[in-house]
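Data first, discussion second: the structure below is written as structure tokens.
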Number of protein chains: 2
Amino acid sequence: MTCCVVGLGLMGGSFALAMRGYFDRIIGVDNNPSHQEEALKLGLVDEVLEFEDGVRSADVIVLAIPIEAIIKALKDISKLSLKKDALIIDFGSTKESIVKNCPKNIRKNLVASHPMAGTEYSGPKAAIEDLYYNKVMVVCDIEESGEVQVKRAFDIYNYLKMQIKIMNSKEHDRHAAFISHMPHIVSFSIANAVLNQEDKEHIVTLAAGGFKDMSRLAKSNPTMWKSIFKENKKNLLKAVDAFEDELKRAKELIKREKWEELEEWMREGNKLHNIM
Amino acid sequence: MTCCVVGLGLMGGSFALAMRGYFDRIIGVDNNPSHQEEALKLGLVDEVLEFEDGVRSADVIVLAIPIEAIIKALKDISKLSLKKDALIIDFGSTKESIVKNCPKNIRKNLVASHPMAGTEYSGPKAAIEDLYYNKVMVVCDIEESGEVQVKRAFDIYNYLKMQIKIMNSKEHDRHAAFISHMPHIVSFSIANAVLNQEDKEHIVTLAAGGFKDMSRLAKSNPTMWKSIFKENKKNLLKAVDAFEDELKRAKELIKREKWEELEEWMREGNKLHNIM
């Protein structure tokens with residue numbers, strides 16, 4: 001079986017690395033020449049082809065590119081003649097707009113997926129073989145995908161040792177806003193708040209593990225995240241509001257020196273880890 | 001040399017573990033009987049004594065207890081007859097109120113210190129030998145401490161392979177608000193925002209590394225943190241304000257769909273990691 005990975009960054013590169021033993025041949029597609037070169041040098045893919053040639057030769061097409069690029073790629077793919085029962089997987093971080101915008105004639109080919117995996121690094125060099133191992137793969141609106149395609153996609157996710165969770169795309173986008181998109185905005189806000197301080201270098205030299213954790217997401221790729229925030233604007237703003245409500249509550253309790261209530265509020269927060 | 005560790009939790013217990021080879025004898029003091037028992041069973045200390053007996057027998061007294069308890073302990077210690085040149089180290093997370101409230105007759109004995117180390121766990125079982133290894137130890141207002149005591153304290157921190165940073169206590173408390181106290185409030189706010197959602201279990205099953213990082217500090221001990229927030233109220237509120245300003249800015253950019261400006265804002269945040 002031949003796989004064509006479109007987008008040879010962290011997600012696509014790591015997928016290619018982990019799926020070496022599953023596919024006979026892995027084609028890479030990337031419009032960045034230095035990514036093409038790196039992916040070949042790192043042995044992520046067997047060859048690099050142009051988008052159309054790659055897609056036409058593949059049994060499985062993986063779109064590991066930003067959301068808007070996925071939507072455009074699906075339009076382009078819908079005009080090509082694909083292999084019989086070709087499976088298209090997209091790894092977009094929001095799902096509703098992708099599913100909605102998928103051209104009808106290839107809707108059965110598409111299995112809309114979101115791997116709950118990642119690091120703060122990007123590009124082919126960031127690819128790691130175990131990125132997907134033991135992580136959750138959310139698969140959305142499978143009733144609209146073809147049976148053969150769903151079966152093949154699940155087989156691939158099982159090969160990666162991922163836990164498959166089925167969800168509708170609306171629900172997915174709401175959840176993703178809470179556990180991923182809002183926390184990114186928060187992390188960038190922490191980073192910028194510290195950077196605006198006069199003695200930022202001094203502050204940062206004191207940073208222990210807690211601060212490093214809280215500012216790690218602020219290393220993320222701004223171009224990619226801009227596109228995610230754009231696609232999930234409504235849910236993201238709701239999640240930010242919910243977060244702000246809590247922050248305001250804590251601030252009020254601190255201002256009014258309601259220490260026992262603040263302790264109680266923290267004790268509530270502790271409970272998250274009972275369900276995690 | 002004999003050391004008396006007051007407070008056998010994560011900080012005190014880890015200190016005792018790491019300093020085994022430095023002291024001839026380590027006495028433990030803790031007013032929680034189950035902590036006493038655990039500390040003995042885990043071999044953190046050689047024996048457990050009452051506060052007064054422990055303090056009186058020690059060349060080095062380590063106060064690894066909440067801030068208010070440190071202030072009270074210093075008052076109690078000031079009424080006892082100490083060993084000649086006894087060194088008192090406190091590990092309080094804020095420093096100004098401790099230094100200010102230290103009784104004059106033992107001020108030379110005290111070397112006010114804050115190890116930039118910790119985990120989200122607490123109690124004697126949380127103690128780990130390498131907690132302090134390669135971490136920063138902030139030492140405050142050393143001009144008020146005795147020369148012998150400063151020398152001894154530095155010798156101990158060097159033995160722990162810590163990097164010593166000297167700072168005044170006011171400056172320390174302001175920095176700590178930014179890199180530690182505000183991020184804790186933020187993490188608890190994220191935890192509570194998710195817990196208030198109807199489908200919290202569902203949301204949490206999707207959590208990947210990013211969310212885990214951002215909510216890890218929300219595991220922290222509410223009683224301890226209440227006391228820290230109380231002591232550093234003014235600086236904490238300033239840091240929360242600075243954070244809120246950034247969050248509001250991001251929210252406005254998202255609302256008004258200023259995607260390029262939002263990307264620029266994130267790019268600014270990326271710079272934190274150039275100085276970290």
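Proteins come first, then strands; the chains are lettered A, B, ... in the order of their sequence lines, and each starts at number 1. The structure displayed is predicted, hence computed values, not measured ones.
B:Leu236 touches chain A through its side chain: at least one heavy atom from C-beta onward sits under 4.5 Å away, while N, CA, C and O do not. Heavy atoms closer than 4.5 Å to chain B are found in both the backbone and the side chain of A:Leu247. Interface residue B:Leu206: backbone and side-chain heavy atoms are both found under 4.5 Å from chain A. There is no contact between B:Arg249 and chain A, counting heavy-atom distances below 4.5 Å. Heavy-atom distances place the side chain of A:Glu171, and not its backbone, under 4.5 Å from chain B.
For the set B:Asn221, B:Asp241, B:Thr223, the count of heavy-atom pairs under 4.5 angstrom toward chain A peaks at B:Thr223. Considering only heavy-atom pairs separated by less than 4.5 Å from chain A, the leading option among B:Ser220, B:Ala208, B:Ser227, B:Ala218 is B:Ala218. When each of B:Gly209, B:Ala242, B:Ser215, B:Ser180 is checked for heavy-atom pairs under 4.5 Å with chain A, B:Ser215 comes out on top.
Side-chain atoms of B:Asp213 and A:Met214, non-hydrogen and from C-beta on, never get closer than 4.5 Å to each other.
How far NZ of B:Lys212 is from CD1 of A:Ile179: 9.5 Å, rounded to the nearest 0.5 Å.
When all heavy atoms of B:Phe229 and A:Leu262 are compared, the closest pair comes out as CD1-CD2, 3.6 Å.
For A:Lys230 (side chain) and B:Trp259 (main-chain N/O), no donor-acceptor pair under 3.5 Å exists by modelled atom type. A:Lys233 places no side-chain N or O within 3.5 Å of a backbone atom of B:Glu257 that could act as its donor or acceptor partner.
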**Report entry** Evaluation steps, side chain to side chain contact (heavy atoms under 4.5 Å, CB included), between B:Glu244 and A:Glu244
**Finding:** CA-CA 9 Å; B:Glu244 262 190 327; A:Glu244 262 190 328; 5.6 Å; no

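Residues of residues 263-274 of chain A lying within less than 4.5 angstrom of chain B, judged on heavy atoms, are A:Glu263, A:Trp265, A:Met266, A:Arg267, A:Glu268, A:Gly269, A:Asn270, A:Lys271, A:Leu272, A:His273 in numerical order. Within residues 112-120 of chain B, the residues approaching chain A closer than 4.5 Å by heavy atoms are, in numerical order, B:Met116, B:Ala117. Contacts between residues 182-204 of chain B and chain A, defined by a heavy-atom separation under 4.5 Å, are made by B:Met182, B:Pro183, B:Ile185, B:Val186, B:Ser187, B:Phe188, B:Ser189, B:Ile190, B:Ala191, B:Asn192, B:Ala193, B:Val194, B:Leu195, B:Asn196, B:Gln197, B:Asp199, B:Lys200, B:Glu201, B:His202, B:Ile203, B:Val204. Proximity to chain B among residues 127-136 of chain A is limited to A:Val136, judged by heavy-atom separations below 4.5 angstrom.
Heavy-atom contacts from other residues, nucleotides or ligands closer than 6.0 Å to OH of B:Tyr159 number more than 12.
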